[in-house]
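Heads up: the structure comes next, in structure tokens.
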2 protein chains.
Amino acid sequence: MAAALELYDERGFEQTTVADIAERAGVTERTFFRHFGDKREVLFDRDGGLQTAFVEALAAAPADADAWTALAPALDAGCDFLADRRDHARRRQRVIDATPGLQERELLKLAALTAALTAGLRGRGLSELAAGVAAEAVVGAFRVAFTRWIDPAEDRDLRTVGRAALAELRAVVS
Amino acid sequence: MAAALELYDERGFEQTTVADIAERAGVTERTFFRHFGDKREVLFDRDGGLQTAFVEALAAAPADADAWTALAPALDAGCDFLADRRDHARRRQRVIDATPGLQERELLKLAALTAALTAGLRGRGLSELAAGVAAEAVVGAFRVAFTRWIDPAEDRDLRTVGRAALAELRAVVS
DNA sequence: AGAGTGATGTCAGGTGCTGACATCGACACG
DNA sequence: CGTGTCGATGTCAGCACCTGACATCACTCT
């Protein structure tokens, strides 16, 4: 994973072959594909952790809390999961933003997160429609907050920006 | 495009080679790649129209309307764009849902839509954060509404479901 | 009639990815 | 201590995706 990120960053995703990554990592091309499904997945291996952070925090919210108050701490938990890896996140995101193929994969991971949150909200009694839009909105807020947090001009921490995004959403919807 | 959809539907995306599609369409594999960037793109060629419908409706809203009241007719326009192609949408979506690679591409198109709406909202004076979360929320609502509309058990038209999704969002956020 | 233009065909080649089989070291068991 | 199992890795062959370069052909403008 480190070798791949380095190479993608140095010379670009397209200009890097799997053989290059394997060589730098000291293994064979074939064993690369045994660890990662494809050339893109090597950058997204840890995304499961983000999703579990979200989902567990949602599940931990009091059962009688309404959806919105249950989602806020879930967003907090997701933000905290990344809080102390900002430099790495920047580096990684620079590579992703430069490559449509990697953006696709990132969106798929976020869609999985949305689906997981939708399921969690359904378990709290929300309708399919309500759970779906709520999950989409929260993940969208996370995405926007993350993008701002990555910006070098931004000095607030991710959790703060995430809260601000939720507040903006609430303001714009009403 | 017709040949590709047929084949993807008949035997699956992975089990279909570009040579198969080209043969059924009566052209060469090389010609296929001159018309479509890759094997997936052939299913998403018309997505620009959806985005245009959204964006133009947003631009057409009165300049002094607040974001939410400007976004509602944009969502309507997007829904209307698909309204009379429900059978085709079902068929196409069945293929997409069965193939992660196609879901990725679909999400990328929706992300482009989100970006375009964000730009439109910024032009109306919203902050980056506010425009971003609003666009994400509306596109999310569209996605959820579309999914419900595709469901055979659903008998409302897309526009109605879209409106309902917005109402649910408003309800859950407040 | 001839030149230009755009779409298509043909060919060669690189890269991503997979299946099948071989190798090797760690460990358990008798 | 010898042996068998098992998981990780290496090796190799091969298909499918995608691209660049050049040729061909129909069509159009002059």
Side-chain angles (χ1 to χ4, degrees), chain A residues 1-49 91-109 111-112, chain B residues 1-49 91-109 111-112:
Chain A
M1 294 166 54
L5 179 56
E6 289 170 12
L7 286 166
Y8 291 168
D9 196 18
E10 287 171 16
R11 47 176 109 153
F13 176 82
E14 321 269 9
Q15 281 65 44
T16 305
T17 75
V18 177
D20 294 334
I21 306 171
E23 186 189 4
R24 182 168 297 199
V27 295
T28 302
E29 190 175 336
R30 189 64 180 90
T31 90
F32 174 94
F33 284 112
R34 274 194 263 257
H35 286 272
F36 310 102
D38 60 43
K39 193 185 165 189
R40 306 173 196 173
E41 192 66 16
V42 64
L43 280 189
F44 299 90
D45 209 51
R46 298 182 167 275
D47 277 26
R91 200 169 142 94
R92 196 183 90 120
Q93 202 62 31
R94 183 159 21 114
V95 174
I96 293 175
D97 289 344
T99 313
L102 293 173
Q103 296 166 34
E104 290 187 338
R105 183 56 48 86
E106 180 179 41
L107 291 166
L108 193 65
K109 300 296 183 182
Chain B
M1 293 166 54
L5 179 56
E6 289 172 14
L7 286 165
Y8 292 167
D9 196 19
E10 287 171 14
R11 50 176 103 155
F13 176 82
E14 321 269 9
Q15 282 65 45
T16 305
T17 76
V18 176
D20 294 334
I21 305 171
E23 186 187 6
R24 180 168 299 198
V27 295
T28 302
E29 191 175 336
R30 190 65 181 90
T31 298
F32 175 93
F33 284 112
R34 274 194 263 259
H35 285 273
F36 309 103
D38 60 41
K39 193 186 166 190
R40 307 173 196 173
E41 192 66 16
V42 63
L43 280 188
F44 298 90
D45 208 51
R46 298 182 167 278
D47 277 26
R91 201 167 138 97
R92 198 183 87 120
Q93 202 62 32
R94 186 163 16 120
V95 174
I96 293 175
D97 289 344
T99 313
L102 293 173
Q103 295 166 34
E104 290 188 335
R105 183 55 50 84
E106 181 180 40
L107 291 165
L108 192 64
K109 299 296 183 181

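The structure displayed is predicted, hence computed values, not measured ones. Protein chains get the first letters and strands the later ones, always in sequence-line order, with residue 1 at the start of each.
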Separation of atom [atom1] in [X] from atom [atom2] in [N], rounded to whole Å:
| X | N | atom1 | atom2 | answer |
| --- | --- | --- | --- | --- |
| A/Arg40 | C/dC17 | CZ | P | 7 Å |
| A/Arg105 | C/dG16 | CZ | C1' | 13 Å |
| B/Lys39 | C/dC17 | NZ | P | 13 Å |

Close side-chain approach of [X] and [Y], heavy atoms under 4.5 Å:
| X | Y | result |
| --- | --- | --- |
| B/Ile96 | B/Phe44 | yes |
| A/Glu6 | A/Arg11 | no |
| B/Glu104 | B/Lys109 | no |
| B/Gln103 | B/Arg40 | no |

Greater than 12 external heavy atoms within 6.0 Å of B/Glu23's CD: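 No, because the 6.0 Å sphere around CD of B/Glu23 holds 12 heavy atoms or fewer from other groups.
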
Residues, nucleotides or ligands: over 12 heavy atoms within 6.0 Å of A/Arg46 CZ: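 Not buried by this count: 12 neighbours or fewer within 6.0 Å.
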
Side-chain N,O (A/Thr31) to OP1/OP2 (D/dT9) below 4.0 Å: no

Side-chain N or O of A/His35 closer than 4.0 Å to phosphate OP1/OP2 of D/dA8: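 Indeed not, no polar side-chain atom of A/His35 lies that close.
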
No-hydrogen, no-angle side-chain donor-acceptor test under 3.5 Å, B/Gln93 and B/Glu106: yes

Could you list, one pair per line, each protein nitrogen or oxygen that sits under 3.5 Å from a nitrogen or oxygen of nucleotides 19-26 of chain D, together with the distance?
unit_1, atom_1, unit_2, atom_2, d
D/dG20, N7, B/Arg30, NH2, 2.9
D/dG20, O6, B/Arg30, NE, 2.8

Inter-axis angle, terminal five-pair segments of the helix from C/dA1-D/dT30 to C/dG30-D/dC1 [nearest 10°]: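 The angle, to the nearest 10 degrees, is 10°.
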
A/Asp45, A/Asp47, A/Asp38 screened by salt bridge (charged side-chain N to carboxylate O under 4.0 Å, His left out) with A/Arg105, the one that passes: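 Exactly one option meets the salt bridge (charged side-chain N to carboxylate O under 4.0 Å, His left out) with A/Arg105, and it is A/Asp38.
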
Lys/Arg N to Asp/Glu carboxylate O, A/Glu29 vs A/Lys39, below 4.0 Å: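 Salt bridge absent between A/Glu29 and A/Lys39.
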
Salt bridge B/Glu10-B/Arg24, side-chain N to carboxylate O under 4.0 Å: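 Between B/Arg24 and B/Glu10 there is a salt bridge, with a charged N closer than 4.0 Å to a carboxylate O.
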
Any residue of residues 2-26 of chain A with a heavy atom less than 4.0 Å from an atom of DNA chain C: A/Thr16, A/Thr17, A/Val18

Stacked cation flag A/Arg91 on A/Tyr8, 6.0 angstrom / 45 deg: no

